[in-house]
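So the structure is just underneath, and the comments pick up after that.
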Amino acid sequence: MTAASSTPNLQIQLPDGNIVEQPPSGTSMDVAKDISEGLARSVIAAEIDGSIVDADRPFGEMSTGDKPIALRLLTSRDPEALGVLRHSAAHVMARAVMRLFEGVSLAFGPTTEGGFYYDFDLPEKISEEDFPKIEAEMRRIIKDKEPFERFALEREEARQLCEDLNQDLKVEHIETGLADQTHVSFYRQGEFVDLCRGPHIPNAGKIKAIKVMSIAGSHWKGDASGRYLQRLYGTAFFDKKELAAYLEQIEEAKRRDHRVLGRQHGLFSINPEVGQGLCLWLPKGAKVRVALEDFLRKELLSRGYDPVYSPHIGRVEMYETSGHFPYYRDSQFSPLFGSEVGGLLDAWSRRLEEGTLDSEGEEKMIEAAKVFGVALPKYRSSATVEDRQRVLHDWQKVNERYLLKPMNCPHHCHIFKAQPRSYRQLPLRLFEFGTVYRHEQTGELNGMLRVRGLTQDDAHIFCTAGQVEDEFRAPIELTTFVWQSVGLDDYRVQLSLRDPKSDKYVGTEENWSQAETALRSVLEQSGLDYNEEEGEAAFYGPKADFMVRDCIGRSWQLGTVQLDYNLPERFKLEYNGSDNVAHRPVMIHRAPFGSLERFTGMLVEHFAGAFPLWLSPEQVRVLPLSDKYIEYAVQVAQQLEAEGLKVTVDSSGGKVQAKIRNAQLELVNYMAVVGPKEAESGQLALRDRIDGDLGSMPVAEAAARLKKEVSERQVRQVVRTKAGNAAVAAVDSDAVGNEY
RNA sequence: GCCAGCGUAGCUCAGUUGGCAGAGCUGCUGAUUUGUAAUCAGCCGGUCGUGGGUUCGAGUCCCUCCGCUGGCUCCA
């Protein structure tokens, strides 16, 4: 197609298999132009041999050998293109900020799931009032349609350039983060030059819709002790309609906020006087939880789990054995001491460990302990800090210290140990809805999603190494079953494996590779969508975490299945094998819900408060036409209750229209209107929250209908249609079972 | 824990340059006796998150603490 030149042309293979030729200076854009001007206009970037690059990168820079270069032209229709657009929009935003503010130091500006951000260090505080002028400046930049021009420099030149530009964070990054690079790339857009890996869109005019979303704090390279930066969030799209839809989705998420709906519908309450992060389950919320617990308990019992119970506190020594106490000390509530001097010795011991206790302070501690009647004769004669700590620790051991339990597993390990175990008893599956307490940082607390007192649907499976595969498969099947039962069918799994280069892991090499192979093969067989993350495993074993996507597209990390080689070792768990020799079991932690608090909060948002019948705290409300029919209404309610349904009677005055409106707004699944006709014939007029009036029918018929819906755990997915419109619409009124 | 914003009745919110604390819903009382998304009237309800300061005077301006929200860091 193009004229031959002295250097040999490169072969470019298009997705349809066709091969075109380009000189080494040719670009993806040139290929596009050869195909059509229209295509060239819509090209955003290119995928070359699997990596995404600028559309104007010469092929010569990227040719790796004699194979044809695989080229895919990306337009706004390709999902990858949006990321490129947003990254460029981040540059545009940074450029606008530099035009508007003095002394801006640029950090990083990556894309995120919903848009992008850019971190800045600048003397002035950016506030929301600045957003309109930042957006206006961005629009001016976009209107100029200036290109993004890439150039590469040697590291030292690059460092010098950043220094000349007064970009000290970039200088630091070149010196540290990019220390192993010989060349680094920059992008220039008009007066704005930024150290950047790219790729970028051909010119700023491709950005059709932008919005600056929010401002927040962040830290340089994520180090909480590092330099404090201001993070400006924004988003960008190829189309104004897409931006509007995105903003609408955010509004929708706000309307579904479980904290708002939880209060509005009387599900739960979190009150600072009760305690930060400690939730009160109000009767209606508790009914939802009971339904979830009953459902799961029944499943577990039928799947070979044994119920157990354990107390809310346990001796600190047990958590020293498990390793939780020393390792997670800062996110636990302080220990409860059997003796009033316990707190003093604890603080004393910590100071010794931190090395923050001078001899004067040490003397004061000794004196203070004496006041409490505690003499520690061996303390002074102990030479080393370790010996002194041991003296304190020995005293603490005989004087009880308890921890509000942060984990159930140590208790369950002791249940395993409570009797001699034979291989014939394995796998042993112990489950408990165990409430644990963790002193989460104040800034982390979030409604029911992050609390300080939470109930895990916890279980620990003790099994032989050979049983790992089966015992890993079963909880995964259970988890997916449980989620489908509540109407969640969009999920994926993250398999977290060890980092082969690290030595922080416990357990033998053989166990790990055997376990990782087993987990991978289970996930492979299950057909689940999963990805592997090397280095993300816990130090004690590999794990599979479940991410669920709710009906408005948000991801939640909920259930988990984790292998553990550590606790059986620490608690010296053993079973007698068929060879009559003691063996160490493998332990599996698993929780399909994660925590009842978080799971319920997520469900509230997923259903926008409108629970399916089987989970609903108020399944039927009987509405007497007037006071005259309250008696009959109560009778109907009793009949429905006798069938196991959750029923209330609205005995307030007023018209039935008002009662219906209230019941609809309170998301009661079914209404039963009763008046003279029904009272005479032993009927009720059933009204469905979703489909409206279903007509009169005998009470028994209505009960049977609802019982069927409950037992099938039907999820008739509900979606709010428009802003402020409380109407709920069935996506598919013929939906049965768990499908929607 | 760090940064920013916010805190007025049970809930949602108004409250002007500093000048007598308001509305709707909820709740209570009464009237109404109702057929598939709002019957009417009256009443109750607040040390304006806490403590201090500036001022003749503070919901409003300043400081402290507490709490909430968003983000950062963390998440066994």
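Letters go in sequence order (proteins before strands), and every chain restarts at 1.
- A:R259 comes within contact range of the sugar-phosphate backbone alone, with a heavy-atom separation under 4.0 Å but no base atom that close.
- Counting any heavy atom pair closer than 4.0 Å across all strands shown, A:K125 reaches sugar-phosphate atoms only and no base atom.
- Screening A:Y117, A:F120, A:W220 for a ring pair (Phe, Tyr, Trp, His ring centres under 6.0 Å) involving A:F108 leaves a single residue, A:W220.
- A donor and an acceptor atom never sit less than 3.5 Å apart when one is taken from the side chain of A:R438 and the other from the base of B:rC75.
- Residue contacts for A:P406: at a heavy-atom cut-off of 4.0 Å it reaches a base atom on one of the strands shown.
- Distance CG (A:N669) to P (B:rU36): 22 Å, rounded to an integer number of Å.
- The C1' atoms of B:rC66 and B:rU50 are separated by 7 Å, rounded to the nearest whole Å.
- Relative ring orientation between A:Y565 and A:W512 is described as tilted, the plane-to-plane angle lying within the 30° to 60° band.
- Side chain to side chain, A:D564 and A:H589 meet the donor-acceptor criterion of an N or O pair below 3.5 Å.
- One can place NZ of A:K659 at 12 Å from C1' of B:rU39, the figure rounded to the nearest angstrom.
- With hydrogens and angles disregarded, a donor-acceptor distance shorter than 3.5 Å links the side chain of A:R570 to the backbone of A:T321.
- Taking the six-membered ring where the residue is Trp, A:H219 and A:Y228 present perpendicular rings, their angle passing 60° and hence far from 30°.
- Of the candidates B:rA76, B:rU34, B:rC3, the closest approach to any side-chain atom of A:Y228 belongs to B:rC3.
- Taking atom CD1 of residue A:I215 and atom C1' of nucleotide B:rC6, one finds them 17 Å apart after rounding to whole Å.
- Which of B:rA76, B:rA37, B:rG1 sits closest to the side chain of A:Q332 comes down to B:rA76.
- Side chain of A:Q441, nearest nucleotide from B:rC74, B:rG71, B:rA37: B:rC74.
- Listed candidates were B:rU33, B:rG35, B:rU39. Nearest to the side chain of A:A658 is B:rU39.
- Remark on RNA chain B: of its neighbouring residues A:R661 and A:R452, the 5'-side contact belongs to A:R452, judged by nearest-heavy-atom nucleotide.
- Nucleotide B:rU12 forms a pair with B:rA23, judged by Watson-Crick or G-U wobble geometry with both contacts under 3.5 Å.
- The P atoms of B:rC56 and B:rG15 are separated by 28 Å, rounded to the nearest whole Å.
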Check: protein-nucleotides 8-12 of chain B nitrogen or oxygen pairs below 3.5 Å:
residue : atom : partner : partner atom : Å
B:rU12  : OP1  : A:R263  : NH2          : 2.9

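- Across all strands shown, B:rC65 forms a Watson-Crick or G-U wobble pair with B:rG49, both key distances being under 3.5 Å.
- Within the 3.5 Å criterion, the main-chain N or O of A:A216 finds no donor-acceptor partner in the side chain of A:R231.
- As rounded to the nearest Å, B:rC13 and B:rU26 have C1' atoms that lie 14 Å from one another.
- Here the separation of B:rC3 from B:rG46, taken at their P atoms, is 36 Å to the nearest Å.
- Using atom C1' as the reference point in both B:rA76 and B:rC11, the two lie 38 Å apart (nearest Å).
- Among the heavy atoms of the strands, none lies under 4.0 Å from A:A538.
- When Watson-Crick and G-U wobble pairs are counted only if both distances are under 3.5 Å, B:rG70 pairs with B:rC3.
- Remark: side-chain polar atoms of A:Q276 are not paired, donor with acceptor, to backbone N or O of A:L445 under 3.5 angstrom.
- Searching all strands for a Watson-Crick or G-U wobble partner of B:rU54 with both distances below 3.5 Å returns nothing.
- When atom types are taken as modelled, the side chain of A:E516 and the backbone of A:R498 share a donor-acceptor pair closer than 3.5 angstrom.
- We find that OH of A:Y233 is positioned 17 Å from P of B:rC3, with the value rounded to whole Å.
- Protein atom CD of A:E597 is 20 Å distant from nucleotide atom P of B:rC75, rounded to whole Å.
- OP1 and OP2 of B:rG35 both lie 4.0 Å or more from every side-chain N or O belonging to A:R687.
- Residue A:I660 has its side chain nearest to B:rU36 when only B:rA38, B:rU36, B:rU33 are considered.
- A side-chain donor from one of A:K221 and A:H173 sits under 3.5 Å from a side-chain acceptor of the other.
- For the pair A:R401 (side chain) and A:R315 (backbone), a donor-acceptor distance under 3.5 Å is absent.
- Using the six-membered ring where Trp is involved, A:H414 and A:F571 have ring planes that are perpendicular, over 60° apart on the 30 and 60° scheme.
- Figure legend. B:rA37 is base-paired to no nucleotide; pairs are counted as Watson-Crick or G-U wobble with both atom distances under 3.5 Å.
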Could you write out each protein N or O paired with an N or O of nucleotides 42-48 of chain B at a distance under 3.5 Å?
none

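- Across all strands, A:V673 comes closer than 4.0 Å to base atoms (heavy-atom distances).
- Ring orientation note: the planes of A:H312 and A:Y437 are tilted relative to one another, at an angle of 30° to 60°.
- Spacing of C1' atoms, B:rU29 relative to B:rG70, comes out at 44 Å, to the nearest Å.
- For the residue pair A:E618 and A:T648, a side-chain donor N or O sits within less than 3.5 Å of a side-chain acceptor on the partner.
- A:Q230 has its CD atom 15 Å from the P atom of B:rC72, to the nearest Å.
- Taking atom C1' on both B:rG27 and B:rU12, the two are 16 Å apart, rounded to the nearest angstrom.
- Among the protein residues, A:S214 comes within range of no part of the nucleic acid, since none of its heavy atoms lies under 4.0 Å from any strand.
- Heavy atoms of A:N446 sit under 4.0 angstrom from primed sugar atoms or phosphate atoms, though from no base atom.
- The phosphate of B:rC68 has OP1 or OP2 within less than 4.0 Å of a side-chain N or O from A:Q276.
- Taking the P atom of each, B:rU39 and B:rU16 are spaced 35 Å apart, rounded to whole Å.
- For A:T442, a side-chain nitrogen or oxygen approaches OP1 or OP2 of B:rG1 to under 4.0 Å.
- Counting distance only, with no hydrogens placed and no angle test, the side-chain atoms of A:E129 and the base atoms of B:rG5 include no donor-acceptor pair under 3.5 Å.
- In this structure, B:rG42 and B:rC28 make a Watson-Crick or G-U wobble pair, each of the two defining distances being under 3.5 angstrom.
- The NZ-P distance, from A:K655 to B:rA37, rounds to 11 Å in whole Å.
- Proximity note for A:H219 (side chain, C-beta onward) versus B:rG35, B:rC72, B:rG70: the nearest is B:rC72.
- If you measure from atom CZ of A:F571 to atom C1' of B:rA76, you get 13 Å, rounded to the nearest angstrom.
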